[in-house]
Number of protein chains: 2
Amino acid sequence: MFSIGQMSKQTHVKIPTIRYYEQMGLIAPPVRTEGNQRRYSQAALERLSFIKHARDLGLTIEAIRDLTDLSAHPEKPCADAHRIAKEHLASVRERIAKLQRLEVELARIEVGCDTGQMESCYVIQALADHSLCVEEH
Amino acid sequence: MFSIGQMSKQTHVKIPTIRYYEQMGLIAPPVRTEGNQRRYSQAALERLSFIKHARDLGLTIEAIRDLTDLSAHPEKPCADAHRIAKEHLASVRERIAKLQRLEVELARIEVGCDTGQMESCYVIQALADHSLCVEEH
DNA sequence: CTTGAACCTATAGCTACTAGAGGGATTATA
DNA sequence: TATAATCCCTCTAGTAGCTATAGGTTCAAG
């Protein structure tokens with residue numbers, strides 16, 4: 001059995017975050033000692049690792065809940081898990097594309113200014129005037 | 001003079017958001033009609049456009065506050081504005097790099113699964129087992 | 001003058017945590 | 001066995017940047 005601190009060290013999930021996940025129903029309430037402290041099983045540790053990993057990959061709590069619900073039914077087809085991963089991949093790609101457009105814009109703004117006075121600063125002008133933008137955002 | 005609704009339409013900033021910006025001290029409290037409704041000047045409209053544009057580019061409220069404070073002093077050198085833009089560009093590039101690492105991982109996970117049963121679903125396995133990852137995240 | 005759209009304030013909710021207060025439990029050492 | 005150090009408990013509130021709702025007031029067109 002692991003204390004919450006041991007769980008935290010092994011998974012790199014902070015203690016208040018573990019309690020938060022319990023509150024959110026992502027992990028089951030563990031057994032308690034006589035003194036009311038949480039004690040976790042190996043299975044709980046693995047589940048928390050799963051959650052940590054999925055969060056690192058940017059999945060929402062909601063998506064993770066769906067995935068863990070799915071994995072509780074090994075006999076079901078995994079099309080849903082497939083779909084969740086696919087949707088997430090699409091959203092990641094969208095974010096990348098959006099950020100890359102911003103990068104172009106910011107690089108242009110930043111380079112355009114050669115450290116004169118505020119009065120003529122291109123950074124300020126470019127931010128004030130959307131029409132100076134090369135692309136839409 | 002513009003009503004808050006007209007401001008909203010022209011800048012595509014939602015009405016509650018405009019009020020929120022006022023609360024946060026990003027825009028000055030405008031004059032009011034006898035009936036207590038907000039009336040904005042042309043200058044206020046331009047300032048809101050600036051804010052909208054900067055937000056679209058992903059700058060934080062804090063950074064925008066810094067920039068607008070700077071632009072209120074046209075005689076100062078614009079090095080600070082330059083620095084804010086530069087820092088933001090660096091953080092955008094970092095986010096892009098991070099998302100691209102995730103993209104690789106997710107694409108691999110998603111392709112690895114060919115819609116069998118949950119029991120052997122690679123999506124679930126990959127999320128459960130960090131050691132299956134190609135790179136760190 | 002009436003009516004309907006637009007406006008007002010205040011409060012609560014969203015995501016995914018994080019921090020702090022004030023106190024109790026566990027464990028290692030003397 | 002006593003004590004100190006560390007760990008853990010609950011509860012509340014705060015973070016960013018809004019968005020939504022409720023319940024009421026004002027404005028502008030016809």
Side-chain angles (χ1 to χ4, degrees), chain A residues 1-27 29-40 44-45 47-48 50-68 84 87-88 91-92 95 98 102 137, chain B residues 1-27 29-40 44 48 50-68 84 87-88 91-92 95 98 102 137:
Chain A
M1 297 304 255
F2 309 106
S3 71
I4 199 168
Q6 290 170 325
M7 291 284 277
S8 176
K9 253 177 214 148
Q10 295 212 48
T11 59
H12 307 281
V13 177
K14 286 178 186 153
I15 291 173
T17 305
I18 298 175
R19 291 197 275 248
Y20 169 76
Y21 287 161
E22 182 182 328
Q23 220 182 299
M24 293 298 103
L26 258 193
I27 54 181
V31 295
R32 302 278 186 137
T33 62
E34 279 185 25
N36 200 33
Q37 298 195 355
R38 290 169 179 83
R39 288 296 178 269
Y40 294 93
L45 177 65
R47 189 183 175 98
L48 187 56
F50 177 101
I51 292 166
K52 165 69 171 165
H53 193 181
R55 283 295 299 135
D56 282 352
L57 290 174
L59 287 153
T60 63
I61 298 259
E62 196 49 39
I64 295 170
R65 209 195 317 266
D66 290 350
L67 283 175
T68 50
I84 290 170
E87 280 173 9
H88 186 57
S91 99
V92 165
R95 273 189 283 165
K98 197 174 169 205
L102 296 186
H137 35 244
Chain B
M1 298 305 256
F2 310 106
S3 70
I4 198 167
Q6 289 170 325
M7 292 283 278
S8 175
K9 253 177 213 146
Q10 295 211 47
T11 60
H12 307 282
V13 177
K14 286 178 188 156
I15 290 172
T17 305
I18 298 174
R19 291 196 276 246
Y20 168 76
Y21 286 162
E22 183 182 328
Q23 221 181 297
M24 292 300 102
L26 258 194
I27 54 181
V31 296
R32 302 278 186 138
T33 63
E34 279 184 27
N36 200 33
Q37 297 196 357
R38 290 168 178 84
R39 288 297 178 270
Y40 294 93
L48 186 56
F50 177 101
I51 292 166
K52 165 68 171 166
H53 194 180
R55 284 295 300 136
D56 281 352
L57 290 173
L59 288 153
T60 63
I61 298 258
E62 196 49 38
I64 296 170
R65 209 195 316 265
D66 290 349
L67 283 175
T68 50
I84 290 169
E87 280 173 10
H88 186 58
S91 99
V92 164
R95 271 189 284 164
K98 197 173 170 206
L102 296 186
H137 34 248

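Here is the naming used below: chain letters follow the sequence lines, and residue numbers restart at 1 for every chain.
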DNA chain C: 5'-proximal contact among Ser3(B) and Ile61(A) (nearest heavy atom) | Ser3(B)
pair Thr33(B)-Met1(B): side-chain heavy atoms closer than 4.5 Å = no
Test item: Ser8(A) side-chain N/O and Ile4(A) main-chain N/O as donor-acceptor pair under 3.5 Å = no
Student check: side-chain heavy atoms of Glu62(A) and Asp66(A) closer than 4.5 Å | yes
Anything under 4.0 Å to a heavy atom of chain B counts; send over the first and last such nucleotide of DNA chain C, read 5' to 3'.
-> dC7(C) to dT9(C)
Ignoring hydrogens and angles, tell me if any N or O in the side chain of Glu87(B) forms a donor-acceptor pair with the backbone of Ile84(B) under 3.5 Å.
-> no
Just jot down the salt bridge (charged side-chain N to carboxylate O under 4.0 Å, His left out) partners of Arg39(B), sequence neighbours excluded, or say none.
-> none
Which of residues 10-27 of chain B sit near DNA chain D, with a heavy atom under 4.0 Å from it?
-> Lys14(B), Pro16(B), Thr17(B), Tyr20(B), Tyr21(B)
Begin with the C-alpha distance, continue with both residues' side-chain angles, and end with the deciding distance and a verdict on side chain to side chain contact (heavy atoms under 4.5 Å, CB included) for Lys9(B) and Gln6(B).
-> CA-CA 5 Å; Lys9(B) 253 177 213 146; Gln6(B) 289 170 325; 5.8 Å; no
When you check every protein heavy atom under 4.0 Å of nucleotides 24-30 of chain D, what one-letter string (B, S, -) results, 5' to 3'?
-> --SS---
Show every donor-acceptor pair shorter than 3.5 Å between a side-chain atom in residues 12-22 of chain A and any protein atom, with sequence neighbours excluded, or say none if there are none.
residue  : atom : partner  : partner atom : Å
Glu22(A) : OE1  : Arg38(A) : NE           : 2.8

Side chain to side chain donor-acceptor pair (under 3.5 Å) against Arg55(B), all qualifying residues, sequence neighbours excluded = none
For Tyr40(A) and Pro30(A), which heavy atoms make the closest approach, and how far apart are they?
-> CE2-CG, 3.4 Å
Shortest non-hydrogen contact from Arg32(A) to Asn36(A)?
-> NH1-O, 2.9 Å
